[in-house]
Amino acid sequence: MRPLWEVADFVRAIRRQMRFGEFSRARLRLLRMELYDDTAECDWIARLPDPWDDNLPSSVRNQNESLQALADAITMRNILFDAMPDVESAVLRSFRQPAREPPELIVLGTVSREAPAVHRVSSLVMRAKLYGFCFCYEDGFLRPLRQVEDQSEELIAQSVTLPGRGGISNGGK
């Protein structure tokens with residue numbers, strides 16, 4: 001029964017702590033949460049750009065959206081490990097939902113409870129990388145991880161063998 005209460009605490013913490021983002025007031029949508037012995041999987045739809053960003057240049061709007069997705073991934077990791085003390089590692093996935101299109105994977109990470117030393121790292125992108133997230137960040141925008149979607153199990157296996165090692169893909173094959 002305890003794992004069920006932990007999942008409920010996790011969902012409540014997401015609703016409470018992630019109601020608004022730093023760069024967007026839009027809601028984050030939890031898609032799936034699975035709990036195994038000492039591992040968890042969690043998928044969500046990233047926040048939409050803030051409506052007040054509509055008048056900004058598209059490059060600034062895209063950068064705000066991307067930074068919000070990375071900040072949410074790090075926060076999701078922290079909330080998960082706070083709410084579930086028995087979980088040692090987790091697979092976290094963030095998707096972007098373009099209009100009338102299937103969701104695109106934009107952030108993928110196998111993260112561990114053991115937190116890397118990120119105290120002096122000011123770059124949000126670098127902190128996400130150090131936590132174990134993989135993403136394709138080009139020109140201030142998170143590109144879809146298309147080449148990774150088919151090989152996500154292989155990438156997850158690599159992440160598990162190298163805890164705390166994320167990656168920023170440059171989109172090359």
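The residues of the chain are indexed from 1 along the displayed sequence.
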K.L.:
Can you name the residues that form a side-chain hydrogen bond (donor to acceptor under 3.5 Å, both in side chains) with Asn62, not counting sequence neighbours?
P.N.:
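So Asn62 forms no side-chain hydrogen bond (donor to acceptor under 3.5 Å, both in side chains) with any residue.
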K.L.:
Counting neighbours of CD on Glu22 that are heavy atoms of other residues, nucleotides or ligands and sit closer than 6.0 Å, is the number greater than 12?
P.N.:
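Check fails, neighbour count at 12 or below.
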K.L.:
Looking at side-chain heavy atoms only, is the closest gap between Val60 and Asp53 below 4.5 Å?
P.N.:
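Not in contact.
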K.L.:
Under the side chain to side chain contact (heavy atoms under 4.5 Å, CB included) criterion, do Trp44 and Ile14 qualify, and how do the steps go?
P.N.:
CA-CA 11 Å; Trp44 67 93; Ile14 288 173; over 6 Å; no
K.L.:
Specify the closest pair of heavy atoms between Leu142 and Ser66, including all atoms of both residues, with the distance to one decimal.
P.N.:
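For Leu142 and Ser66, the tightest heavy-atom pair comes out as N-OG, 2.8 Å.
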K.L.:
Quick one: closest heavy-atom pair of Cys42 and Leu30, and the distance?
P.N.:
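Closest approach of Cys42 to Leu30, heavy atoms only: SG-CD1, 3.4 Å.
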K.L.:
Passes side chain to side chain contact (heavy atoms under 4.5 Å, CB included), Val107 versus Leu70? Steps please.
P.N.:
CA-CA 8 Å; Val107 178; Leu70 294 176; 4.0 Å; yes
K.L.:
How about Met84 and Pro3: do any of their side-chain heavy atoms sit closer than 4.5 Å?
P.N.:
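No, side chains not in contact.
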K.L.:
Below 4.5 Å, heavy atoms only, C-beta onward: do Arg127 and Pro116 meet side chain to side chain?
P.N.:
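They are not in side-chain contact.
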K.L.:
Rounded to the nearest 0.5 Å, what's the gap from NZ on Lys129 to CG on Leu124? Could you check?
P.N.:
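That separation rounds to 14.0 Å.
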K.L.:
Before accepting this row, confirm whether a basic side-chain N of the pair Arg93/Glu41 lies closer than 4.0 Å to the acidic partner's carboxylate O.
P.N.:
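Counted as a salt bridge, because a side-chain N and a carboxylate O are separated by less than 4.0 Å.
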K.L.:
Just by modelled atom types, is the Ala46 backbone N or O under 3.5 Å from a matching donor or acceptor in the Arg96 side chain?
P.N.:
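Such a contact is absent between Arg96 side chain and Ala46 backbone.
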K.L.:
Going from CG on Leu145 to SG on Cys136, what distance comes out if it is rounded to the nearest 0.5 angstrom?
P.N.:
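Nearest 0.5 Å value for the CG-SG distance: 6.5 Å.
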K.L.:
Between atom OG1 of Thr39 and atom CG of Asp86, what is the distance when rounded to the nearest 0.5 Å?
P.N.:
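Atom-to-atom, Thr39:OG1 and Asp86:CG are 11.5 Å apart.
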K.L.:
When rounded to the nearest 0.5 angstrom, what distance separates OG1 in Thr75 from CG in Asp82?
P.N.:
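It comes to 11.0 Å.
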K.L.:
Restricting to side-chain hydrogen bond (donor to acceptor under 3.5 Å, both in side chains), what partner residues turn up for Gln17, sequence neighbours left out?
P.N.:
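If we apply the side-chain hydrogen bond (donor to acceptor under 3.5 Å, both in side chains) test to Gln17, skipping adjacent residues, there are no hits.
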K.L.:
Is it true that atom CZ of Arg12 has more than 12 heavy atoms of other residues, nucleotides or ligands lying nearer than 6.0 Å?
P.N.:
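Buried by this count: over 12 neighbours within 6.0 Å.
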K.L.:
Considering all heavy atoms of both residues, which atom of Asn64 and which atom of Phe23 are nearest to each other, and what is their separation?
P.N.:
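Looking at all heavy atoms of both residues, the closest pair is O-CB, 3.6 Å.
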K.L.:
Just wondering, more than 12 heavy atoms not from Arg15 lying within 6.0 Å of its CZ?
P.N.:
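It does not: Arg15 CZ has 12 such atoms or fewer within range.
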K.L.:
Are the side chain of Arg77 and the backbone of Ala90 linked by a donor-acceptor contact shorter than 3.5 Å?
P.N.:
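Checked: no pair found.
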K.L.:
For a quick test of reading the model, state the closest non-hydrogen atom pair linking Phe135 to Val125 and the distance between them.
P.N.:
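Answer, listing the atom of Phe135 first, then Val125: CZ-O, 3.6 Å.
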K.L.:
Just wondering, are more than 12 heavy atoms of other shown residues or ligands nearer than 6.0 Å to CG in Asp54?
P.N.:
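Result for CG/Asp54: enclosed.
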K.L.:
If the threshold is 4.0 Å, N to carboxylate O, is there a salt bridge linking Arg61 and Glu65?
P.N.:
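A salt bridge is absent here (no side-chain N lies under 4.0 Å from a carboxylate O).
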K.L.:
To check you understand the geometry: which heavy-atom pair defines the closest contact between Ala40 and Leu80, and what is its length?
P.N.:
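It is CB-CD1, 4.1 Å.
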K.L.:
Can you hop from Leu56 to Leu67 via hydrophobic side chains spaced under 4.5 Å?
P.N.:
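They do not share one cluster, since no chain of ILVMFWY contacts under 4.5 Å joins Leu56 to Leu67.
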K.L.:
By side chain to side chain contact (heavy atoms under 4.5 Å, CB included), which residues pair with Ser24, not counting sequence neighbours?
P.N.:
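Side chain to side chain contact (heavy atoms under 4.5 Å, CB included) check on Ser24 returns Ala26, Arg47, Asp50, Gln68.
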K.L.:
At what distance, to the nearest 0.5 angstrom, does CZ of Arg32 lie from CZ of Phe95?
P.N.:
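Answer rounded to 0.5 Å: 8.0 Å.
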K.L.:
Side-chain heavy atoms nearer than 4.5 Å, only ILVMFWY residues, links allowed to pass through others: does that put Met126 and Ile106 together?
P.N.:
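The answer is yes; both residues are in one hydrophobic cluster.
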K.L.:
Do Leu48 and Arg27 pass the side chain to side chain contact (heavy atoms under 4.5 Å, CB included) test, and can you show the C-alpha distance, the side-chain angles, and the key distance before you say yes or no?
P.N.:
CA-CA 8 Å; Leu48 296 172; Arg27 302 187 101 192; over 6 Å; no
K.L.:
Give me the atom names and distance for the closest heavy-atom approach of Val91 to Leu108.
P.N.:
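Val91 and Leu108 have their closest heavy atoms at CG1-CD1, 4.2 Å.
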K.L.:
Might you work through the side chain to side chain contact (heavy atoms under 4.5 Å, CB included) test for Val11 and Met33, ending with a clear yes or no?
P.N.:
CA-CA 9 Å; Val11 172; Met33 172 67 191; 5.8 Å; no
